[in-house]
Amino acid sequence: MTSDELYARITQLEAQLAQRTPPPIGGQSSIPLDPIRHHAYTGDGGPCTTDLFGETCGEPADHHELPAP
């Protein structure tokens with residue numbers, strides 16, 4: 001793949017990602033995010049700095065599971 005082809009592909013992907021999310025399909029329902037957000041604490045003792053779908057967690061360390069050893 002040439003650099004021009006790669007650039008064109010990246011540009012195409014960026015355009016697709018910039019499109020708005022379509023509205024839900026009739027009968028479609030969302031799921032709660034709590035099971036997905038379950039994660040280990042990352043930070044330096046302050047609020048958690050984990051990025052969760054574009055939002056920083058921000059919870060204190062004691063609201064998290066212990067990180068894997």
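Fair warning: this is a prediction, and the values are worked out from it, not measured in the lab.
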Next on the checklist: Test question: given the 4.5 Å side-chain rule for I, L, V, M, F, W and Y, name all other residues clustered with Ile25, or answer none.
Outcome noted: none

Item to check | Thr49/Cys57 under side-chain contact (heavy atoms from CB on, under 4.5 Å): CA gap, chis, key distance, verdict | outcome: CA-CA 6 Å; Thr49 58; Cys57 172; over 6 Å; no

Next on the checklist: Using a 3.5 Å distance criterion without hydrogens, assess whether the side chain of Thr56 forms a donor-acceptor pair with backbone atoms of Asp51.
Outcome noted: no

Checklist entry - Linking Ile, Leu, Val, Met, Phe, Trp and Tyr by side-chain heavy atoms under 4.5 Å, what else ends up with Leu6? => result Met1, Ile10

